[in-house]
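By convention in this document, chain letters (A, B, ...) are assigned in the order of the sequence lines, proteins followed by strands, and residues within each chain are numbered from 1.
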Protein chains: 2
Amino acid sequence: MSTKVARLSDVARTAEVSVATVSRFLNNRLQLPAETAARIRRAVAEHEYTPNPHARNLSLGRSETLALVVPDIANPYFARLAAAVEREAAQQGYALTLCASLNTLQREREYIARLSGSAVDGIIFVSNHADDGSLRDPINASSRGVVILDEDVAGVIGPRVFSDNEQGGYLAGRHLIEMGHRSISFFGGPQAMRSTEARLAGIRRAIAESGQDVAIRDAFFGAYSPEHGRACAARFLSSGSEATAVLVSSDEIMIGALEIFRRDGIRVPDRLSVIGFDDIAPFVLFDPPLTSIRQPVEMMGRRAVDLLIRGLKGEDIDSVIEYLPVELILRGSVAHPAGRKAAATKRRSPNRGE
Amino acid sequence: MSTKVARLSDVARTAEVSVATVSRFLNNRLQLPAETAARIRRAVAEHEYTPNPHARNLSLGRSETLALVVPDIANPYFARLAAAVEREAAQQGYALTLCASLNTLQREREYIARLSGSAVDGIIFVSNHADDGSLRDPINASSRGVVILDEDVAGVIGPRVFSDNEQGGYLAGRHLIEMGHRSISFFGGPQAMRSTEARLAGIRRAIAESGQDVAIRDAFFGAYSPEHGRACAARFLSSGSEATAVLVSSDEIMIGALEIFRRDGIRVPDRLSVIGFDDIAPFVLFDPPLTSIRQPVEMMGRRAVDLLIRGLKGEDIDSVIEYLPVELILRGSVAHPAGRKAAATKRRSPNRGE
DNA sequence: AGGCTCTTGTAAACCGGTTACGTAGGACTG
DNA sequence: CAGTCCTACGTAACCGGTTTACAAGAGCCT
């Protein structure tokens, strides 16, 4: 066991050629006669040579590494996103550096600054709150490729990948209206965020399209968190809302809201219908199984990586915006509103609403 | 906006000193008279200089980066672990590279090999299956620091951090026995794994300690996956098992098992008591809320990082093994076995078993 | 004045790759 | 036979930091 790890020059000496020859040969930038090639290969094997990545990075000016900035990987939604990103990155030969921003502007900016240096080749940026502009500038100043994923950061020049939130709101709204609801509540994310606005707009489109007299009552906005969900539910109940159904804008909010509804004995869907958004948590096993809009999380992760890498390779992707398709998963948490006929309460999804 | 990013030599020239002076000054390895220091600081600011990380890494031979090898980040258990690891690493000034092994030996070995080069300073290794020895050798050959986390890899020389699985099995077993169960089933993880063996041993200890005549019936072993959970439940049911309670060895297995139990109308806990392990999923909201052994996931992640970094700093940590304390969270999925008195069916945890 | 130690700084050698440019020798060409 | 091309490599200049070895001048002592 040698104490020292082999360098390129060791291999070159053993193979009796120059370092340039070895380097170019190993990087397939040079054809060599079989005999020389064999000598090099033998020397590589003998020394158990692997190129030093730091040297390689410095020399090439890149590291074949991407960074993912995400509010919190413990959150199952971001965990899934991260898994998809990692998979696609690995497949394309890139490593992935994970950066948890904990949803604070300060840490987001820190990461942007650090990564912009040239620690990584590109950045996938997922934020979870409205930007006051102090994110836009550092991102645009970054010399690296950046793709915005999942939630918009206004004013950033560069590609974006979202799920089709508007369509999600629309599908949810249409379903509720079809089921007979005429007064719908909305437990939303932060008010200033695009995802929130888009989902609300989708509900409105569904309402307009239905031609029915449907009202959105008690729309609450706040963080994508169980706390906010609890607060929504509490305010909803104490307001004596007349809404018969509620669209809950994320799994996290849902978890908090259900806790309160359950505590207060609000039966779902008998007394109140609920429809979720994200569909990451094992909602099949909830009581009742939750009808939900499913976000195309895997696809989002993969598309973001793919775009980023294409950008690194020189393609012009700055103006790409993608809206990936959501899906309505029918389970048991939406029924006809109380007081109406309870026929056909149970329906099954044609796709895979287990 | 300069097209070129500033280098150390640019700063040096502007400050009218040599690069060495700037470098040492910036790394606090040199006291300078106020006037010179100010000149350098001014030059740094003017050029918006940040050291090139690749060059720094090459020169220093380290990258202040750790790697986390984990079967699958989409799995909430590993997601939580990853979050804890990232947080602690960030706090100590290290970046984190994420590597998903997808639980395949091949990818695990690939990662070990790649990372051993010197891409990262240290590795936290989490596997999820029994090793046939082909992991042990590359890990031991690695020039980097490695800490084994969560699941043992036999024969590896180095520090380890586990949860106290034996104690988890014991707490679960004791609880079931106290509730009156005399025939207990075990839906385990892979048979050859330490975590599985330890949990089983814990149940046995509880049985021995109780002095009662308690039997472990229908112990099934397999992957930590919903599929395995479904299979366990199906075999359990078709075998007409006499067990009145089952210890389910992970959230994932639980999710699969509950699916089958629910489908077949097995009421929990009336007909069958279940107790989980991990307690990551939002089991509070399940029907019924699940009693579970909670693993100290955050602590595990942080301890692993802390150990690793201490090792990198030269401390001798090779023989450290830590077993972090688990906790029994009482909720509603364990009752007295059918046929017995149903008194005191509901109990609350003294800690925080909400 | 000569010899010391500090202070402040420099020049140059690393770290370990990649690559632009060059060249020696043989084959082919007109 | 000179000119040209191709093969098969070698030399040395990068990439951008850190650090060792060393020096010039200042202050101080004897």
Side-chain angles (χ1 to χ4, degrees), chain A residues 2-41 43-44 47-65 114 116-121 143-144, chain B residues 2-41 43-44 47-65 114 116-121 143-144:
Chain A
S2 57
T3 31
K4 209 66 182 144
V5 72
R7 292 163 310 175
L8 191 57
S9 60
D10 298 324
V11 174
R13 193 174 329 105
T14 303
E16 300 180 294
V17 290
S18 75
V19 290
T21 302
V22 179
S23 173
R24 288 185 294 186
F25 173 69
L26 293 179
N27 292 304
N28 295 316
R29 228 168 293 288
L30 183 61
Q31 305 284 67
L32 284 182
E35 211 261 304
T36 314
R39 244 175 28 237
I40 293 180
R41 270 191 282 266
V44 166
H47 289 285
E48 298 187 339
Y49 169 76
T50 40
N52 178 312
H54 299 324
R56 197 157 204 282
N57 292 345
L58 174 58
S59 191
L60 293 175
R62 58 185 148 87
S63 53
E64 242 96 74
T65 299
R114 168 140 15 122
S116 298
S118 63
V120 299
D121 299 347
S143 52
R144 310 282 111 191
Chain B
S2 57
T3 29
K4 209 64 184 148
V5 72
R7 291 163 311 172
L8 191 56
S9 59
D10 299 324
V11 174
R13 193 173 330 105
T14 303
E16 300 181 295
V17 292
S18 76
V19 290
T21 302
V22 179
S23 173
R24 287 190 297 184
F25 172 71
L26 292 179
N27 292 303
N28 293 317
R29 229 166 292 288
L30 183 62
Q31 305 283 66
L32 283 183
E35 211 262 304
T36 314
R39 250 184 13 247
I40 293 181
R41 269 194 282 268
V44 166
H47 289 285
E48 298 188 338
Y49 170 75
T50 39
N52 177 312
H54 299 325
R56 197 158 205 281
N57 292 345
L58 174 58
S59 191
L60 293 175
R62 58 186 149 85
S63 52
E64 242 95 73
T65 299
R114 168 142 15 124
S116 297
S118 62
V120 299
D121 298 348
S143 52
R144 311 282 111 191

Q. How is A/Leu32 classified with respect to the nucleic acid when contacts are heavy atoms under 4.0 Å: base, sugar-phosphate, or nothing?
A. sugar-phosphate
Q: To the nearest Å, give me how far apart CG (A/Leu58) and P (D/dA13) are.
A: 17 Å
Q) Hey, are the side chains of A/Leu8 and A/Pro51 touching, using non-hydrogen atoms and a 4.5 Å cut-off? A) no
Q | Check: B/Ser116 main-chain N/O paired with B/Ser143 side-chain donor or acceptor under 3.5 Å | A | yes
Any N/O pairs under 3.5 Å between the protein and nucleotides 18-20 of chain D? List them or say none.
residue	atom	partner	partner atom	Å
D/dT18	OP1	B/Asn27	ND2	3.2
D/dT18	OP1	B/Arg56	NE	3.1
D/dT18	OP2	B/Ser23	OG	2.6
D/dT18	O4'	B/Ser59	OG	2.6
D/dT19	OP2	B/Arg29	NE	3.4

**Q.** Non-hydrogen atoms of A/Ala12 and A/Val19 that approach each other most closely
**A.** CB-N, 3.7 Å
**Q.** Closest contact, heavy atoms only, A/His47 versus A/Val11
**A.** CD2-CA, 4.1 Å
Q: For DNA chain C, note the earliest and the latest nucleotide, 5' to 3', having some atom under 4.0 Å of a heavy atom belonging to chain B.
A: C/dT8 to C/dG16
**Q.** Residues in contact with DNA chain C, drawn from residues 9-18 of chain B - heavy-atom cutoff 4.0 Å
**A.** B/Val17, B/Ser18
Q. Does a side-chain heavy-atom distance below 4.5 Å link A/Thr21 with A/Ile40?
A. yes
Q. So what is the end-to-end bend of the helix from C/dA1-D/dT30 to C/dG30-D/dC1, with 5 pairs used at each end and the value given to 10 degrees?
A. 60°
Q) A/Asn52 or B/Gln31: which one's nearest nucleotide on DNA chain C is closer to the 5' end? A) B/Gln31
Q: Please examine the side chains of B/Tyr49 and B/Val22, heavy atoms only from C-beta on, and report whether any two atoms are closer than 4.5 Å.
A: no
Q: Can you tell me the distance, in whole Å, between the NE2 atom of B/His54 and the P atom of D/dG17?
A: 12 Å
Just list the side-chain donor-acceptor pairs under 3.5 Å for residues 28-37 of chain A, sequence neighbours left out, or say none.
residue	atom	partner	partner atom	Å
A/Glu35	OE1	A/Arg39	NH1	3.4

Q.
Counting the atoms with a prime plus P, OP1 and OP2 as sugar-phosphate, which does B/Pro53 contact under 4.0 Å by heavy atoms, base, sugar-phosphate, or nothing?
A. nothing
Would you give me the side-chain donor-acceptor pairs under 3.5 Å for residues 58-65 of chain A, sequence neighbours excluded?
residue	atom	partner	partner atom	Å
A/Arg62	NH1	A/Glu64	OE2	3.0
A/Ser63	OG	A/Ala119	O	3.3
A/Ser63	OG	A/Asp121	OD1	3.3
A/Thr65	OG1	A/Ser63	O	3.0

Q. At their closest point, which heavy atom of B/Arg56 faces which heavy atom of B/Asn27, and how far apart are they?
A. NH2-OD1, 3.1 Å
